[in-house]
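The structure under discussion appears below in the form of structure tokens.
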Amino acid sequence: MTPYTLERLGAVEAVRDLAHRYTHLIDEGRLEEVAELFTRAVYGQCDGDGTPVGSVRDSDPAGVLAACRGFIRMHGTPPRPGTKHVVTNLRVDVADDYRTATSLSYFTVLQATEALPLQPILAGRYFDAFAVRDGEWVFTQRLTCIDLVGDLGEHAKRTL
């Protein structure tokens, strides 16, 4: 078993912070900042085992922003998706050099709008990877595996 050193625990906390920063930004409708999280990261969908499918590619902020704007329906002023992303069961594996890490987590997306009562609309898993670049932890991969789909009528501009 790998020892829990202060350096390892610090890396785990940095990774957890990034995973949770995404949820706050997306729920607040701050899509430009969401896109910035995935600068120079592989970004896309995956199958049930975490294997990439479809148009998984190295991303740039403009591509991630376009994907978010093309999929997420906004409501109200200021424009927000009316969602709460809940990340749970976050498991982090830090490399022995403390410079890279991977994580697997569950997500549940709750939504409520004027036309939709509060309910879960989506659930799945994130297969993420991280690295230290210029002294800061960043995403190097975000693959999303969608396991359960509810009513996306108020959330999605297009079908999954």
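Note that the numbering runs from 1 along the sequence shown for the chain.
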Do [X] and [Y] have side chains that approach each other closer than 4.5 Å (heavy atoms only, starting at C-beta)?
| X | Y | answer |
| --- | --- | --- |
| Val94 | Glu7 | no |
| Asp17 | Trp137 | no |
| Cys145 | Leu143 | no |
| Thr140 | Thr100 | no |
| Arg40 | Arg133 | yes |
| Tyr126 | Thr144 | yes |
| Cys46 | Thr51 | no |
| Asp128 | Gln141 | no |

Once rounded to the nearest 0.5 Å, what's the spacing between atom [atom1] of [X] and atom [atom2] of [Y]?
| X | Y | atom1 | atom2 | result |
| --- | --- | --- | --- | --- |
| Leu25 | Leu31 | CG | CG | 9.5 Å |
| His24 | Glu33 | NE2 | CD | 13.0 Å |
| Leu37 | Thr39 | CG | OG1 | 8.0 Å |
| Ser105 | His20 | OG | NE2 | 7.5 Å |

In this structure, would [X] and [Y] fall into the same cluster of hydrophobic residues linked by side-chain contacts under 4.5 Å?
| X | Y | value |
| --- | --- | --- |
| Leu90 | Val15 | yes |
| Met74 | Leu118 | no |
| Phe130 | Val132 | yes |
| Val138 | Val64 | no |
| Val92 | Tyr106 | no |

Pair Phe107, Leu122 - check side chain to side chain contact (heavy atoms under 4.5 Å, CB included), show working.
CA-CA 8 Å; Phe107 68 87; Leu122 206 54; 4.2 Å; yes
Take Asn89 and Arg91, measure what side chain to side chain contact (heavy atoms under 4.5 Å, CB included) needs, and give me the verdict at the end.
CA-CA 6 Å; Asn89 300 16; Arg91 297 182 60 196; 5.7 Å; no
What is the ring orientation for Phe71 with His155, classed by angle as parallel under 30°, tilted 30 to 60°, or perpendicular over 60°?
perpendicular
Considering non-hydrogen atoms only, spot the tightest contact between [X] and [Y] and give its length.
| X | Y | result |
| --- | --- | --- |
| Cys68 | Tyr43 | SG-OH, 4.3 Å |
| Ile121 | Leu152 | O-CD2, 3.4 Å |
| Arg125 | Gly48 | NH1-O, 2.8 Å |

Derivation and outcome, side chain to side chain contact (heavy atoms under 4.5 Å, CB included), residues Leu110 and Val86
CA-CA 8 Å; Leu110 305 170; Val86 181; 4.2 Å; yes
Test item: Gln111 side-chain N/O and Glu154 main-chain N/O as donor-acceptor pair under 3.5 Å:
yes
Do Glu36 side-chain atoms and Pro61 backbone N/O form a donor-acceptor pair below 3.5 Å?
no
Charged tip of Arg142 within 45° of Tyr22 ring normal and under 6.0 Å:
yes
Residue pairs involving residues 69-87 (criterion side chain to side chain donor-acceptor pair (under 3.5 Å); sequence neighbours excluded)
Asp27-Thr83, Asp27-His85, Glu32-Arg69
Test Tyr98 against Thr5 for side chain to side chain contact (heavy atoms under 4.5 Å, CB included), laying out the working first.
CA-CA 10 Å; Tyr98 309 112; Thr5 64; 3.3 Å; yes
